[in-house]
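Reviewing the structure listed below.
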Amino acid sequence: MLKEITPKSVDYSQWYVDVITKADLVDYAPVKGFMVIKPYGYRIWEFIQDAMNVRFRATGHENAYFPLLIPENLLIREAEHVQGFSPEVAWVTEGGGERLPERLAIRPTSETIVGAMYSKWIHSYRDLPVLMNQWSNVVRWEKATRPFLRTTEFLWQEGHTVHRTQAEAEAETSQQLEIYRDVIEGELAIPVVVGQKSAGERFAGALNTLTLEALMGDGRALQIATSHFLGQNFAQAFNIQFLDDDGALKYGWTTSWGTSTRMIGGLIMVHGDDKGLRLPPKVAPIQVVVVPIARGNDATAVLSYARKILGSLQSAGLRVQLDSRDEYTPGYKYNDWEMRGVPLRIEVGPRDLKSQAVVLARRDTGEKQTVNRDGLDLTVLKVLESIQNTLFDQAKAYLQDHWQRIDNLAQAEEYGYRGFFDGDWCGAEACAQDLQSQTGMTIRCLPLDGQAVGGDCVVCSQPGSARIVFGRAY
RNA sequence: CGGGGCGUAGCGCAGCUUGGUAGCGCACUUGCUUUGGGAGCAAGGGGUCGGGGGUUCGAAUCCCUCCGCCCCGACCA
């Protein structure tokens, strides 16, 4: 018997927890703030890794691996950086039964250890650019945790690059953000707002942070990818210098950029419904499930018919599974696979066998239709493509419906501070802080859509100097 | 770190007020019948009642103490 999923409208947080545990994506670990990513959830992560690796390689990046532990003297080298991260660093103080002479940080991010290594490797402008990416885990000691969205340990990808010029580094920062947008919108079907972080929301130690912001089903924002232009801050702190062709010794310009398993949390919250997950076909571990209705004397014939369909779809390169478990009824299986978010279900029974047809049931719309067995591979490919597009379109429509242009904060209150709000800002950090203390909302980004400032600061009513998108965030 | 909730079989819970053989539903095992939207019957297996201490003839239940987890808020991918 499957467990009930709490409806979104009753308790969104509980709905989220129900979905991720009952769809078998994760389980809670013995230590608070840690989780096990189970095979079904990890497979989604692997699709994300594949999609990114292809794009990273195509733009000249290589994967590498840096150590988990960072000596304290390295971590504190860049002043702003250490200030930003020190509250959430976990430390190793003992090893081999002895107290260590210098404590070692479990990496909260790797700029410092990467910087220390880069300074050893880079001597000449001929060594540049250095374009590396690392897939790893990091630890940030968080007070309040939620699976995928905020866990103490999480899996991510962090790119670290060094360039000869500022312009090249800034171009890298934008290029990587565009790769993220492409993966997140194209594979995960999550529409995003592209922008720049305000000074107060910037990565600790960065000169500029670009961001992708997504809107969850409860109207809260999720920062889903960031790309940082670090200027020469880290190059100076870690002595990353090169001899340029003019004979001058110069500091490199560095960038870093990252995305994490948080994306999976976003995927669930953007597409999920009261029946459970809804996975876009491109990242669905199982794209099609075949459910035989094997009744009485027809059982053997139906099953062999189902196997033929399975085989032909597999040959077409689809991820298909046949659910021939005979301890469950078809109805149970329908609900089970719907909860797990499988995009398309194919039902085959005695009727279909007789008419050489199958029934297709779409997870995105719930539609059922009977289609001919001939040409089924092509039909299924088309339907999956349509599901991928429909999920994106639905999410895009939701985003647009919950994105209001406003002139003052009272207008945001009418929407319960849910959704994205678009307004103007005077640029004062004091107003950014007032926004948060008064409404719980934060500046998500300064959107990069080219639209001009149109009015006064939504907080203080002084003339605006920047357009901002703001809202309550995870 | 504040506020709330909860620890009893794999999961969800009852039992605690008023101490007296540890129960229910689901899941699991076996058999038979079933199968086009969460199958039925029958017979089974499974427990340091979160840990420690105390009161008592006797503690899941009363007292003390520690631990853990979840949710909601303030900070963060």
For Q134(A) and S110(A), does a side-chain donor sit closer than 3.5 Å to a side-chain acceptor? yes
Between CG of D326(A) and P of G31(B) the distance, given in whole Å, is 12 Å
So for atom OH, which belongs to Y415(A), do other residues, nucleotides or ligands contribute more than 12 heavy atoms lying within a distance under 6.0 Å? no
Mate of A42(B) where both pairing distances stay under 3.5 Å, Watson-Crick or G-U: U30(B)
Under 4.0 angstrom, heavy atoms only, what part of the nucleic acid is R351(A) near: base, sugar-phosphate, or nothing? base
Select base, sugar-phosphate, or nothing to describe what G349(A) touches, counting heavy atoms under 4.0 Å on all strands. base
Most 5' of Y12(A) and L353(A) on RNA chain B, judged by nearest nucleotide: L353(A)
With both distances under 3.5 Å as the test, what is the Watson-Crick or G-U wobble partner of A59(B)? none
Please report, rounded to the nearest Å, how far the P atom of G37(B) is from the NZ atom of K368(A). 6 Å
Please lay out, stage by stage, how V290(A) and Q321(A) fare under the test side chain to side chain contact (heavy atoms under 4.5 Å, CB included). CA-CA 6 Å; V290(A) 180; Q321(A) 186 163 316; over 6 Å; no
Say you pick atom P in U61(B) and the same atom in G7(B); how far apart are they, in whole Å? 13 Å
Distance check needed: G36(B) P versus Y305(A) OH, whole Å only. 18 Å
Taking NZ from K333(A) and C1' from U34(B), how many angstroms apart are they, rounded to a whole number? 13 Å
Should the side chain of E338(A) and the base of G37(B) be counted as holding a donor-acceptor pair, with the cut-off at 3.5 Å? yes
Mind checking what makes side-chain contact (heavy atoms from CB on, under 4.5 Å) contact with K333(A), not counting sequence neighbours? V291(A), D323(A), R325(A), Y328(A), W337(A)
Going by the rule salt bridge (Lys or Arg N to Asp or Glu O under 4.0 Å), which residues pair with D182(A) if we only count those two or more places apart in sequence or in a different chain? R55(A)
Identify each atom pair where a protein N or O and an N or O of nucleotides 40-46 of chain B are less than 3.5 Å apart, giving names and distance.
none

Got a sec, which residues hit ring pair (Phe, Tyr, Trp, His ring centres under 6.0 Å) with H228(A), two or more places apart in sequence or on another chain? F203(A)
Can you tell me the pairing partner of C49(B) across any strand shown, Watson-Crick or G-U wobble, with both distances under 3.5 angstrom? none
Under 3.5 Å, is there a donor-acceptor pair linking the side chains of T226(A) and T211(A)? no
Nucleotides 74-77 of chain B: which of its N/O atoms have a protein N/O under 3.5 Å away?
| from | atom 1 | to | atom 2 | distance (Å) |
| --- | --- | --- | --- | --- |
| C75(B) | OP1 | Q436(A) | OE1 | 3.2 |
| C75(B) | OP1 | Q436(A) | NE2 | 2.2 |
| C75(B) | OP2 | Q436(A) | NE2 | 2.6 |
| C76(B) | O2' | E142(A) | OE2 | 3.4 |
| C76(B) | O2 | R150(A) | NE | 3.2 |
| C76(B) | N3 | R150(A) | NE | 3.0 |
| C76(B) | N3 | R150(A) | NH2 | 3.4 |
| C76(B) | N4 | R150(A) | NH2 | 3.3 |
| C76(B) | N4 | Y474(A) | O | 3.3 |
| A77(B) | O3' | Q223(A) | NE2 | 2.3 |
| A77(B) | O3' | R262(A) | NH1 | 3.4 |
| A77(B) | O2' | Q223(A) | O | 3.3 |
| A77(B) | O2' | R262(A) | NH1 | 3.1 |
| A77(B) | N6 | T151(A) | N | 2.8 |
| A77(B) | N6 | T151(A) | O | 2.5 |
| A77(B) | N3 | S260(A) | OG | 2.9 |

Which part of the nucleic acid, if any, lies within reach of D352(A) when heavy atoms closer than 4.0 Å are counted: base, sugar-phosphate only, or nothing? base
Which is true for P350(A) with a 4.0 Å heavy-atom rule: it touches a base, it touches only sugar-phosphate, or it touches nothing? base
Residues passing the side-chain contact (heavy atoms from CB on, under 4.5 Å) test with E62(A), sequence neighbours excluded, are none
R362(A) with D364(A): basic N within carboxylate O range, under 4.0 Å: yes
Between T329(A) and R295(A), which has a closest nucleotide on RNA chain B that is more 5'? R295(A)
Would you mind checking if R418(A) and E413(A) are paired as a salt bridge, meaning a charged N to carboxylate O distance below 4.0 Å? no
Respond yes when some side-chain nitrogen or oxygen of Y28(A) is under 4.0 Å from OP1 or OP2 of G7(B), and no when none is. no
What integer distance in Å separates Y328(A):OH from G37(B):P? 18 Å
Does a salt bridge link R140(A) with E153(A), judged by any charged N lying under 4.0 Å from a carboxylate O? no
Touch class at under 4.0 angstrom, heavy-atom based, for V291(A) against every strand present: nothing
For F34(A) and G68(B), what is the distance between atoms CZ and P respectively, to the nearest whole Å? 14 Å
Can you tell me the distance, in whole Å, between the CD1 atom of I293(A) and the C1' atom of G36(B)? 5 Å
If you look at every strand shown and take non-hydrogen atoms under 4.0 Å, does R345(A) touch a base, only sugar-phosphate, or nothing? base
R363(A) CZ to G37(B) C1', in whole Å, measures 13 Å
